[in-house]
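Chain letters run A, B, ... following the sequence lines, proteins first, then strands; residues in each count from 1.
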Amino acid sequence: MQPETHIQISTTVNGERVKAEVPVRLNLVDFLRHTIGLTGAHVGCEAGACGACTILVDGRLTRGCLTLAVQADNKNIETIEGADASGRIAGLQKAFHRLNALQCGYCTPAMLLAAAELLRQNPKPSREEVREWISGNFCRCTGYQSIVDAVLDAAHSEEAS
Amino acid sequence: MNEQFRNPIGADIPRDRAKRLLAGRGHFVDDIVAARMVHIAFVRSPFAHARFSSIDVDAAKAMPGVIRILTAADLAPVVAPWRATHDLFPNMRAPEQTALAIDVARYQGEPIVAVLAATRAEAEDACDVIEVDWEPLPQVGDIDEALASDAPTLHEGLEDNIAFEASVTKGDAAGALAAADVVVERTFRFHRHTGVSLETRCILAEFDPTEERLTVHQSHQTPHQQQDLYARLLNLPEHKVRVICPDVGGAFGLKHHLYADELTACASAVVLGRPVKFIADRLESFQSDIHCRDHEVHARMGFSSDGTIVGLAVEDRFSAGAYGQYPRSSVAEGNQIIRLTGAPYQLPAYSGDLKMAFINRGILGHIRGVGHPIAAAVSEALVDLGAHILGQDAVELRRKNYLKESDYPMTSAGGVALERLSLDQCLDKALDIVYVDAFRAEQVNLRKDGIHRGIGFCTFVELTSIGPEYYGNGGQHISAQETCILRMEASGQVRAYVGTTDQGQGIDTGIQQVVSGVLGLGVEDVEIVSGDSLLSPMGGGSWGSRGAALGGEAALKASRELRRNLLSIAGFLLQKSPDDLDLRDGIIVDVASNTSHMHVSELARVGHFQPYTLPPDLPSDLTVTARYASRDRMFLPGNGIQVSIVDVNIDTGFVTPIRHVVVHDSGRILNPLLVREQIRGGVVQGIGSALYEELRYSEDGALLTGTLSDYLVPMAVEMPEIEVAHIETPTETSELGAKGAGEAGLTGAVGALLNAVNDALLPFDVFMTEVPLSPPRILRALDEANDR
Amino acid sequence: MKAPTFSYVKPLTIEACLELLDSHGEDAQIIAGGQSLMPLLNLRLAAPAVLIDITDIPTLKGIIQDAGYVKIGALERHADIASSVTVQQALPLLVDAAPHIAHVAIREQGTIGGSLALADPAAEWPACCLALNAEIELISKRGTRHVAAEDFFQGIYETARQPDELLAAVRFPVGTENDDTVHLFDEIARRRGDFAIAGLALTCRRGGAVLTGVRLALFGVADRPVLAKGSMAAMEGYELDDRIAEAAVAALSAELNPPDDPAYPSGYRRRVACVILKRALAKLLPEQLHAT
């Protein structure tokens, strides 16, 4: 078994099969953004601290900067583009829009995916639980309050419908 | 509501742009790819101060993917040096700066060598093998070291490190303080921090040598300023330089300057004739983004025994970093401090002195708030301290000393023209929200349980929407006027081309609301075109709380002109007086009878395709341009008050914000939904300044906080709920009456937190003066008080 | 910053992995969840020649309860450990500790093996291992050995693991169903999810009112997680009351000598450690027990 510097990977991204040869040092968010052009996941620190690159790998919230692209081989990846297209985060998107839970929008895709995962695990979170859950996602523009409002609003709408 | 300020002006309208950002369809600079694009990385100085001689790039040249390696000498033919001068401050020293350093590096992270490679990773690989022959020099780490008589000087030809000194006086402050019944005196220390936009600085520069055409996509606040700078510094025809600011992932002032590395990216594109992309990583952001604060303020406030403030003296010492911020210069933070400290109060006597020095740190400049948070914190901390010593209620002492209704318009002791503030109204509203008596009762009870809760008030005056005089007289090409071009399409829908830019604050939406309100069109029928120096009329971009006040006013003027033209066409077609007609929901209606006559598209059709049917002298242009350039006012001062309630854990020194209230007056508000969260964002940034954020350096000047795990920013769970209320005192200098709102949150938060912490610690005889209020600092202060 | 060049290999069996470790030795670095290694790579603070990805070795996964111990495979992720019924029943200390580890996305990918092998002195799992008297299972071509947590952590990012060894699992001794084991976990971090300024993991039995088998591990206060032996001795064999709690805190204060760092001076960390011990013991005081 020989170590290699470039490896062919096959992965499913937002339901589509993707095959690519990647340099092994390439991280997953750079692969998504620059190799296959899914620019919705953003890069903020490349050290796992800001959360801007958060995506889902096999259904788990994952920092795209802390995973190698080669480690996504045979995995199922969902990015904001996929979550948007499927309509599964439509309630959150609507609430974020209406309540102005974003300004520059750079943290937003990751914030939405994190919030969606929270609501999946805990459909009726408290304000404190929302705040705690999104505390791995840095937002410099809002005071976080509108984001918390929007997540709770989406939770209530979901419950009502 | 006045017909001209009808809905949706003043309504909570969500932002159009948000929809695509929410769908992951943002257009940020790093999302853009150009054919033949190369990536740039920099060898940066590892030392705070060092001379370098030979640079050995041979090994790097042979590395995979490397396309070109450039040093200052290679760039000299294409890029000029610059100096951060400001003609209003003619004595300010402004040493020469270059895109890449020549011979000496003066701060850790200063770019020395540029490597261009097929990928950023490969460019970094090559940087790692470039050998620079360094000779470390003694470094100057702070203002005391800078001013020491034996200090090494940063810049050859300067006999010391003093960059600038200035004073402002009213009356005899020293005399007033000597005669005062009570004088409170403290030295405050505000440590260095920075803006930390989530999207780092980034730029994609494309150059076509055949046409001398430079096209730059840049995450920036001021496209026209950059167009001018790139044209002048790269000696290119300005009309062939285009700067596009697409979606910008946060700016906060750190993205409205010229940066050596970004200019190097442009110069490299010129040298290579290929697109060059530079995406700063987080470490180089902390090292080389504009920094702010790093001030030491010694202040004395004198009171008569009845609580009247009789005098205030403020001395601010701060650093410019290694050079001066360009093109605005680094002077403003100190200048705002000596002009704004004590600004809400009647000050019979005042003196403000500042001293700015060069030190071996990153360049200091304009980041959200620019000196304001310090001016407010210092004033309000001294007011609280004075009230305590006098045994008076600090809130009433504020009210007693506030500038009075009858004082306006006036010039403040610090020399700021104040049109009209609403200090009492803001205070009253804050008191309505907070219930201080109930708080005090709760505070007593909590203390019995060992919970030390404090309340802090911070009144503030903020300078928004700077007028053209400041930079015009300063000799800089920084536009403080705004122009709006409105273009009605054949459908009757409108495009508005504006010189302001939108980094998420929502100024595009605010302008949409103005245009839509005046023209009686739906907001969805108005599209804003901003952030492009080719398409947008020359304007200043967005910074310094200027978008709504200046861009909004220009849009108002343009909209009124277009409205007049539309009504005059309608009047002619209907054979009615335009005065009897109105535009509502896209329909021409008869004002008296409310009868609908025709859709606006009918007017557009006639105006565009059958103009010959209209009388030649009828005002009927469907593309109109209007400009707003204020006169004879340097700023639009806004004001407000913030109240913070915090718990201080005296065992750990931890401060927990419990509640935060903001009452703010930004004149007429275009969109309360957007203003509220912008203010909250500012408050959270202010809480970051007050509690967490600090750039720390080692003894030898190496940055210790180069990651987001070391430089702490505020995250959701530690932040309080923030209540925002408004007073609206429209400025009479414009028709719209808007003032700025961008600085307000940050401006008042720091002082409110500081005062709240000091209120909590009052029984322990502790008075904190060092920000951020880190837990070790609080415990140290408690220990010192214990030892007394 | 982007990771430096390296080569990569993904063995599918322990044997293949050991072969790789044997041939590449110190040039190799193991990656699993990557939550600690990736930041180091991205900052170019780590530059391995070879990265060995162990995430597809099935035998490194699983949480098994056997006679007298619970064994957690190196690849078990923080979030999965916290939600494991076995862990919840047998090792509730780990459940209490897990939410303090960084943030949700990190807990979804980070593994216990990675955390132990990295040996960050401010990390939660190493201190839990110390308090629970766990053994680390190390496998190499030379054989398998179990190293007590106390001997495993040897300094900042330093462990007893040899370059040819694979950290395969961690084994926690567990008592009988109805024992009277008490456990406490607490830490103080500047913001939720930050590395601890100081933290503690405490286990003991309280047969009747008397504390026995006290194990108190502190983290964030030394170059490795440490057992506070003085403080443990101050409690061992005593009925816990205010006086004993005070003595335990005083002993802790006397025995800790945290390194100075620019953000938190030594004395500050020591005090915070004492504050959380006091806070933790208050929960164990008899009236508190009755109250809950």
Side-chain angles (χ1 to χ4, degrees), chain A residues 1-7 9 22-30 34 43 45-75 110-111 113-115 117-118 120-122 128-129 131-138, chain C residues 1-13 15-17 19-20 23-24 27-29 31-45 47-56 77 79-80 83 99 101-110 114 189 191-195:
Chain A
M1 187 166 245
Q2 280 308 311
E4 296 165 273
T5 58
H6 288 73
I7 285 180
I9 63 167
V22 296
V24 298
R25 63 162 151 174
L26 186 71
N27 67 41
L28 183 53
V29 67
D30 281 348
H34 302 305
V43 175
C45 73
E46 299 179 297
C50 77
C53 62
T54 307
I55 50 169
L56 285 136
V57 177
D58 284 349
R60 288 170 177 263
L61 280 180
T62 300
R63 298 280 202 248
C65 74
L66 298 189
T67 305
L68 293 170
V70 283
Q71 294 185 299
D73 191 25
N74 291 319
K75 297 274 199 306
M111 202 65 93
L113 292 179
E117 182 60 14
L118 168 66
R120 192 184 68 78
Q121 293 185 23
N122 179 3
E128 185 65 16
E129 284 169 333
R131 280 189 180 272
E132 172 143 11
W133 186 271
I134 62 168
S135 279
N137 292 76
F138 175 40
Chain C
M1 225 182 282
K2 306 298 176 192
T5 51
F6 50 79
S7 58
Y8 169 95
V9 60
K10 190 178 198 177
L12 302 178
T13 62
E15 293 67 32
C17 179
E19 206 56 58
L20 287 161
S23 53
H24 294 287
D27 293 339
Q29 181 74 255
I31 187 166
Q35 303 302 287
S36 303
L37 180 58
M38 284 296 292
L40 298 175
L41 287 171
N42 288 346
L43 283 164
R44 296 193 173 225
L45 294 173
V50 179
L51 211 55
I52 303 174
D53 183 348
I54 60 170
T55 49
D56 274 356
R77 289 140 155 176
D80 295 342
S83 61
I101 304 173
H103 300 286
V104 55
I106 309 283
R107 294 196 290 272
E108 288 286 338
Q109 293 295 346
R191 303 168 306 173
R192 198 79 54 92
D194 284 351
F195 273 113

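Using a 4.0 Å cut-off between charged side-chain N and carboxylate O, C:K2 and A:D30 make a salt bridge.
With a threshold of 4.5 angstrom between heavy atoms, C:P11 approaches chain A through its backbone and through its side chain. For A:E117, no part lies under 4.5 angstrom from a heavy atom of chain C. Neither the backbone nor the side chain of C:L37 comes within contact range of chain A, judged by heavy atoms closer than 4.5 Å. Contacts of A:L56 with chain C are absent, with no heavy-atom separation under 4.5 Å from either backbone or side chain. Of the two parts of C:T55, only the side chain, counted from C-beta on, holds a non-hydrogen atom closer than 4.5 Å to a non-hydrogen atom of chain A. Proximity to chain A (any heavy atom under 4.5 Å) is shown, for C:R191, by neither the backbone nor the side chain.
Here the side chain of C:E108 pairs no donor or acceptor atom with the backbone of C:H103 at under 3.5 angstrom. No donor-acceptor pair closer than 3.5 Å links the side chain of A:W133 to the backbone N or O of A:A115. Judged purely by atom type and a 3.5 angstrom limit, C:R107 uses its side chain to pair as donor or acceptor with the backbone of C:P99. The closest donor-acceptor contact from the side chain of C:N42 to the backbone of A:C65 lies under 3.5 Å.
Partner of A:I55 under the side chain to side chain contact (heavy atoms under 4.5 Å, CB included) criterion, out of A:L61, A:L28, A:T67, A:V29: A:L28 alone. The side chain to side chain contact (heavy atoms under 4.5 Å, CB included) test with A:P3 singles out one residue from C:L51, C:D27, C:V50, and that residue is C:V50.
When each of A:H6, A:E4, A:Q2 is scored by its heavy-atom pairs under 4.5 Å with chain C, the top score falls to A:E4. Among A:V57, A:N137, A:V70, A:L118, the residue with the largest count of heavy-atom pairs under 4.5 Å with chain C is A:V70. Most heavy-atom pairs under 4.5 Å with chain A, from the set C:L43, C:L20, C:I31: that is C:I31. Of the listed residues (A:R60, A:E46, A:M1), the one with the most heavy-atom contacts under 4.5 Å to chain C is A:R60. Counting heavy-atom pairs under 4.5 Å between each of C:E19, C:H24, C:R192, C:K10 and chain A puts C:R192 at the top.
Summarising the geometry of C:L41 relative to C:P48, their closest heavy-atom pair is CD2-CD, 3.4 Å, with the distance given to 0.1 Å.
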